[in-house]
Chemist: 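One structure coming up, written as structure tokens, with questions to follow.
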Amino acid sequence: MLPCKSHCDRYCENCHKHCAVWDEMQRQNRADRQRRKAYLDYYNDLYDTIIRQCYALTPKPCR
């Protein structure tokens, strides 16, 4: 179901394919997903580095 279907007075079947409001909403969603992905990628890399450093500093057991 389209989010605009319930409250758009100009809604008709398949109108979202050429609707400027729908295009703008999709553009904003795309930009939001890119921001979230960049945030997660940054912190995943940061935490991976910290974990790698911790493992490197951990003493290895003698055999």
Side-chain angles (χ1 to χ4, degrees):
M1 176 181 223
L2 298 172
C4 59
K5 187 174 184 176
S6 62
H7 69 300
C8 183
D9 57 347
R10 294 178 292 155
Y11 177 79
C12 62
E13 195 64 34
N14 292 325
C15 68
H16 66 282
K17 294 179 180 177
H18 52 80
C19 178
V21 175
W22 176 259
D23 288 341
E24 178 61 22
M25 186 171 58
Q26 291 299 313
R27 188 192 63 75
Q28 288 176 354
N29 286 341
R30 200 168 20 257
D32 187 46
R33 282 192 307 273
Q34 288 173 345
R35 280 192 305 275
R36 288 174 188 241
K37 184 178 181 334
Y39 174 88
L40 291 173
D41 287 344
Y42 173 78
Y43 281 102
N44 280 336
D45 290 342
L46 181 66
Y47 292 141
D48 284 345
T49 301
I50 292 170
I51 290 170
R52 229 182 354 268
Q53 291 171 346
C54 289
Y55 278 127
L57 294 173
T58 303
K60 307 292 187 264
C62 295
R63 293 182 181 187

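Starting from 1, each residue takes its place in the sequence as its number.
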Chemist: Same cluster or not: are Ile51 and Leu57 linked, directly or through other Ile, Leu, Val, Met, Phe, Trp or Tyr residues, by side-chain heavy atoms under 4.5 angstrom apart?
Modeler: no

Chemist: Look at the side-chain heavy atoms of Ile, Leu, Val, Met, Phe, Trp and Tyr, link any pair under 4.5 Å apart, and say whether Ile50 and Tyr42 land in one connected group.
Modeler: yes

Chemist: State which residues pass side chain to side chain contact (heavy atoms under 4.5 Å, CB included) with Tyr39; sequence neighbours excluded, sorted by chain then number.
Modeler: Tyr43

Chemist: Please set out all donor-acceptor pairs under 3.5 angstrom arising from side-chain atoms of residues 30-38, sequence neighbours excluded.
Modeler:
from: Asp32; atom 1: OD1; to: Arg35; atom 2: NH2; distance (Å): 3.4
from: Asp32; atom 1: OD2; to: Arg36; atom 2: NE; distance (Å): 3.1
from: Lys37; atom 1: NZ; to: Asp41; atom 2: OD2; distance (Å): 3.0

